[in-house]
Structures are given as C-alpha cells and as structure tokens.
Number of protein chains: 2
Amino acid sequence: MKKILNNPSDLVPEMVAGMVASYPQYVRQIPETTAVVRNDKAFTGNHPAKVGVVSGGGSGHEPLHAGFVGLGMLTAAVAGQVFTSPTPDQIYAAIKAADQGQGVLLIVKNYSGDVMNFDMAKDLASIDDISVESIVVDDDVAVEDSLYTQGRRGVAGTVYVEKIVGAAAEAGADLKSLVKLGKAVIEQTKTIGVALHAATVPEVGHPGFELGPDEMEYGVGIHNEPGYKREKMVPSAQLAKELLDKIGQQYTGGLSGKKFAVLVNGFGATPLGEQFVFANDVLQQLTDAKATVAFTKVGNYVTSLDMTGLSLTLLQLTDDKWLDYLNAPAATIGWGDTRNER
Amino acid sequence: MKKILNNPSDLVPEMVAGMVASYPQYVRQIPETTAVVRNDKAFTGNHPAKVGVVSGGGSGHEPLHAGFVGLGMLTAAVAGQVFTSPTPDQIYAAIKAADQGQGVLLIVKNYSGDVMNFDMAKDLASIDDISVESIVVDDDVAVEDSLYTQGRRGVAGTVYVEKIVGAAAEAGADLKSLVKLGKAVIEQTKTIGVALHAATVPEVGHPGFELGPDEMEYGVGIHNEPGYKREKMVPSAQLAKELLDKIGQQYTGGLSGKKFAVLVNGFGATPLGEQFVFANDVLQQLTDAKATVAFTKVGNYVTSLDMTGLSLTLLQLTDDKWLDYLNAPAATIGWGDTRNER
C-alpha cells in the first residue's frame, strides 16, 4: 500500500483539519468532532433563519460530504472513520451547529449503519426541541440489498440531492417541503458504477477485491461492495451502452423523450480525460435515444479512496425548478463555478 | 493497462468532444481542431475588446488547460496528443479565435517542443497583424534541464499563472502589462512533485518507470521525467518538510515573514483525502516557519494521467493585487467557486 499519510488511524482528523485550514472561507470544524459547519460570511453574519441541511457518512468519498458544505448546499457535514458511519454524538453536534430555529433536514445514504446512527442523532436532537427530518438516498440501481444495505445503496447521485435540496433551503423552503422535494428527487435519481481496480482502506492495506488484468466489476459499490457481474473490459462506448440500458429500464417508458441531469463521477484514481471520453459516449447515446440533457457534471464528486472506475448517474428532471436549483449559486470546495450570470 | 477508452488514438478528440458536450456554457470546439475557445455569454455577446490569453500543451494533464478556459482565465486552449506538443496550426487557430483586436498572450509551459511550436504559431499570427507575446512557465525547481526541457520544467504552478494573468486580462490590462505581470508571477512560483507510481500513456500501455513497493520518486515531472532522488516512502509530515525546505531555499531569506499562495496538486490517482492530510502538514509547517498563507487550493489541477503522487507549489505574493486576481471571479470547468461575495 502506497499512500501519503502519517499514521493511518489519523487520516480522518488530519484530513478534516487540512480542509478547514485550506478553505476557511467555506468551513470551520465543530470543536471536538470531525464534523464541519459553514463558515462563510452569509452564514456567520446576520441572515434570515433557514432550515439546516446536514449530511455525512464514512470517510473516503471526498469531496463528499464536507466538500459540499457552504452557501447553497449543506449547512454541516459529519465525517466518520474510513467507510464507517459517523457516531450519533457527532451527527448530533452537526445538527445543533446547523440549526437556526427552522429545523434540520438530514440527508442519509442508505447504509444500515448510517441510517441507524442518523436516527439516534435525531432522537438526541428531539430532546433539544429541534425539529429534525431525514431522507434516505438509495440511487444505486445495480443491485438490491448489499453487504451493508437493505434495499439499494446510496452513491454518487447524493451530490445532486444535496445540491437541489441545499439550494431550496437557501431559497427559504420549509422543512416539510424540503422532505417532499428530496424524496421526489431521490425517486428520479439512478446510478450504476464500474470498477477496474478496488479501493484500499489504509488500515487494511490491500485492495478490497482482486480483478484480473482485463476484468471490470459492473455495479460495484463505493465501499468495494460487489456488483452484478464481472467481465472482460469493453470499450467506453460499449460500457456507456450497458449502463444506459440498465438505467433506462428503471424509468417507465425508457429514456426517450425525457429530460435529464447527468453525472459522470470518477471514483478517485481514474483520470479526468477518461471520464470525458466516457461522458462523450454517454451524451451522444442519450441524444441518439432522443433524451434531452439539461445539465452535466464530470469529475470526482463521490469517490471510493483510490478505486479506479467511475459511475454514471441520471436524474430525470420532472420539475423545471430542479434545474434552477442545480444551477443556483453555491460556494463549496467541491462544486465548481455556479455564478448566476453566464 | 486498464483504462476507460475506445481506440487509444482517439483519446484526445473524444475527450475534447466530451468537454464541450458536457460544458457548453464554458467552451466550444474550434472547428477541425482539438482546441477550445470561450463560449460564455460574456464572451460571445457584445463586450469590450480585451487581450486574449491562450495556453495549451500535450494532453493528459486535465483539467489543464481546456478546463481553465472561461471568464477570468484563459480565452482559448489547445490540446496536443498525450504528452505531445500541439501543432503550430492548431495553436494559430486558437490565437485567431482568442484575438479581439487587442493582441494575444501565450502562456507556454517550458518544454522544448511547446516553446518551438508556440513560437511558430506566433510567426503565423504576425502575418495576420495579430500582436502576440508569450511567457514561459518554468516553476519546477526540482531539477535543472530535463528529458524534454532546457532549464526548468513548467508544471502545476501554471494554473496560478493562468488565473492571475487571466483575471488581469479580464479586468482590461493591455498586452504589455500582462507580459510583465506574468513574468513577475512566474518568478515567484516554485513547485516540486513526488510520484508513488508512474503514469501510463495509453498508446504505450505500461507505466513510464517502475518504483519499488515502498519507493517514492522526488522531483518527478508531469511526463514521467525523473526527479532528484528515489527513496523509501516517508510519512506525510516528513515529505512536507522535505519539499518546503527545498522550495524555501529558492526564496532569498527562506520562507519566514513571506506571504504565499499554496497549491497542493494531485497527479490523477491520489485521493483527495490524502491531499488534504498533506495540505494539513504543509500549512502547519508554514505557520511554524512564520510564513503567511493567504490563498490555498487542494485538488487535481495539473495531472499526469494516472500517476499517483502530488506536487506542492508556493507562490510568493509580492504584490497584493495578485491575491485579488486569485480571488477574482472565474467560470471554468476546473477552477471551483469564485463568487465575489462570500
């Protein structure tokens, strides 16, 4: 295992310290936790009370989640140990830091440990009379039930959920409508990932699984969970076809005539150039399928440490407001430029 | 070699096609080239004529350079084949597309092929009566002369040069002052990179060099060029010390009392979490050395395909205006949020 680290067990606190030291204009650390909360002037100064939006999960998926804390996205985020759910007390600390008197929405990826710990934190917060609701992201349509999940896993589509819900919260939506919005977006978000090489957890020291020199795992999770098949590598265009076909089956009537936001997400060790080659195939095939693409992102948003591979997410834009929320201003480490005027 | 590609020889055109298809709000392709030019409304609509800023080079370093085309950074960028200089005719096409009657500045990384081909393009443009000047970035202080370079190589610091010069051009600076500004910034920009694993050029099919399971190459270039030593891996804090010491020697009087912009740049296959661990060590040690850090970026900006490793860049901010330019609005694929109001 070759990694740039000090003691592997210090990875998460040192990483969080590095994030807040590098980007104090976006985030500050919540004392005695590995959670961060917004530190921009729009948040720390006088501002109308809004619903807080909190997410989190195991580390190793950076920039998710701390990299999406800031204006127009998350209010706070909690980092657990690598591939390990954050503890309820830390989630609770993040809820308190995010609360402005209008309640807090939790965005939880669908892993049994996360769901349980976020639920416990919700209970802790209810003692403080903070209204807390949660939504569970389960966008991975590759498999039903998995190593750490009942139902479907929550993966890269989480970023679009965080962006849309975060923008709505910034615009002043109340807790109840954010829950409704979040659930509707999740319903339309579908992801499948592929791995060329598994991720190595620093404290384990070797890859989570082994693939042959020309093999690819289809439908892999972001914690080395198995997918739906392991086969010989195929060209990018053929891979795009496979994933689009699989995802298309999830939408009644297929892809044709529908309007989508697309996310091509690198898993950590796949060069951006390859991601753009794949995006080119995806966008071309969507056009051929008479689907409309209204928004695209390509890059490393929800990674799996040093996994080689990528995932494809489609989000059907059944409501035009969702596209406005995707394009709304945001100021975070991980979400590129979002100026209004273009 | 495991890569997500179609025919390896189509990597560059397909990648460029993927970029413009994914982000038409920033870039469009210049017909019959693998060069891109700004496509945002501020540029395509009526606007005061400004100096065009053009960069480019071999591919494999994405998001550099096309990912930095847009408001406040580059006007156009040319992509050569992987690790290969772009041809003069394509550079010339980019110059013409970028020219608004106020001349064009070329930002060239210091590789013999690039310097030669950009010079030839400059000659072509002079026939058209376009004033063209060029500046050469040579920020890599690891070694003097290298496989493809006389003097020092141009590496990750190029991004800060592009940002500062691009912001000044956007603000209306003339060609002559942009040359002066660019040269002054380059003079203060110092980078060293380290590799844990070499990059694999798709058409070659194997890594450019082999490292032992616990070895690291210090001072590596972004085209697998050798560095100044190969030694056993050390913890992040020790690596930070080594690189800061080396870079500090480049500034008269060392680091103490000086004000810097810092760039921790991933080479393509190193997870963001590790980059933040390293950034944490760097920022702490700079504070200990009584240096001030006024601006920081951490992420994959100038990559080397699938190389594992990272580079550290310091830019001494001898002029406060440079910091304003770093913070000025930009709207590109690769340069995060830059809203003015924070």
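Just so you know, these numbers use all the heavy atoms, side chains as well, and skip hydrogens, waters and symmetry mates. These numbers were taken from a predicted model, which means no experiment stands behind them. Reminder, nothing fancy here: chain letters follow the sequence lines and each chain counts from 1.
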Within this structure, what is the [atom1]-[atom2] distance for the pair [X] and [Y], rounded to the nearest 0.5 Å?
| X | Y | atom1 | atom2 | answer |
| --- | --- | --- | --- | --- |
| A:E14 | B:S236 | CD | OG | 7.0 Å |
| B:Q25 | A:N327 | CD | CG | 7.5 Å |
| B:L11 | A:F276 | CG | CZ | 12.5 Å |
| A:L272 | B:L305 | CG | CG | 11.5 Å |

- Task: Keeping the roles fixed (side chain from A:K2, backbone from B:G309), state whether a donor-acceptor pair exists under 3.5 Å.
- Result: no
- Message: Among residues at least two apart in sequence or on other chains, which ones pass side chain to side chain contact (heavy atoms under 4.5 Å, CB included) with A:A35?
- Response: A:I30, A:T33, A:V78, A:A94
- Not counting sequence neighbours, which residues clear side chain to side chain contact (heavy atoms under 4.5 Å, CB included) with A:S9? List them please. A:N7, A:E203
Under 4.5 Å heavy-atom distance to chain A, tell me which part of [X] shows up: side chain, backbone, both or neither.
| X | value |
| --- | --- |
| B:Y23 | side chain |
| B:N300 | side chain |
| B:P202 | neither |
| B:S304 | neither |

May I ask you to name which of [options] has the most heavy-atom pairs under 4.5 Å with chain A?
| options | answer |
| --- | --- |
| B:Q275, B:K297, B:M216 | B:K297 |
| B:L211, B:D214, B:V298 | B:V298 |
| B:T296, B:V282, B:D281 | B:T296 |
| B:A199, B:P13, B:G336 | B:G336 |

Contact origin within [X] toward chain B - heavy atom pairs under 4.5 Å:
| X | value |
| --- | --- |
| A:M233 | side chain |
| A:P63 | both |
| A:T332 | backbone |

- Message: Are the side chains of B:D306 and A:T270 in contact, using a 4.5 Å heavy-atom criterion?
- Response: no
- Decide yes or no for B:L283 and A:S22: does some side-chain heavy atom of the first lie under 4.5 Å from some side-chain heavy atom of the second? yes
- Message: Tell me which one of A:T308, A:V277, A:L196, A:V234 satisfies side-chain contact (heavy atoms from CB on, under 4.5 Å) with B:I4.
- Response: A:L196
- Residues of residues 237-244 of chain A contacting chain B, heavy-atom criterion under 4.5 Å, by residue number: A:A237, A:L239
- Query: Counting heavy-atom pairs under 4.5 Å to chain B, which of A:E215, A:M1, A:Q284, A:M307 comes out on top?
  - Reply: A:E215
- Can you sort out the partners of B:H61 under ring-ring contact (aromatic ring centres under 6.0 Å, His included), two or more places apart, ordered by chain and number? B:F83, B:H223
- Item | Residues A:V16, B:N280; criterion side-chain contact (heavy atoms from CB on, under 4.5 Å); working and verdict | CA-CA 9 Å; A:V16 173; B:N280 185 48; over 6 Å; no
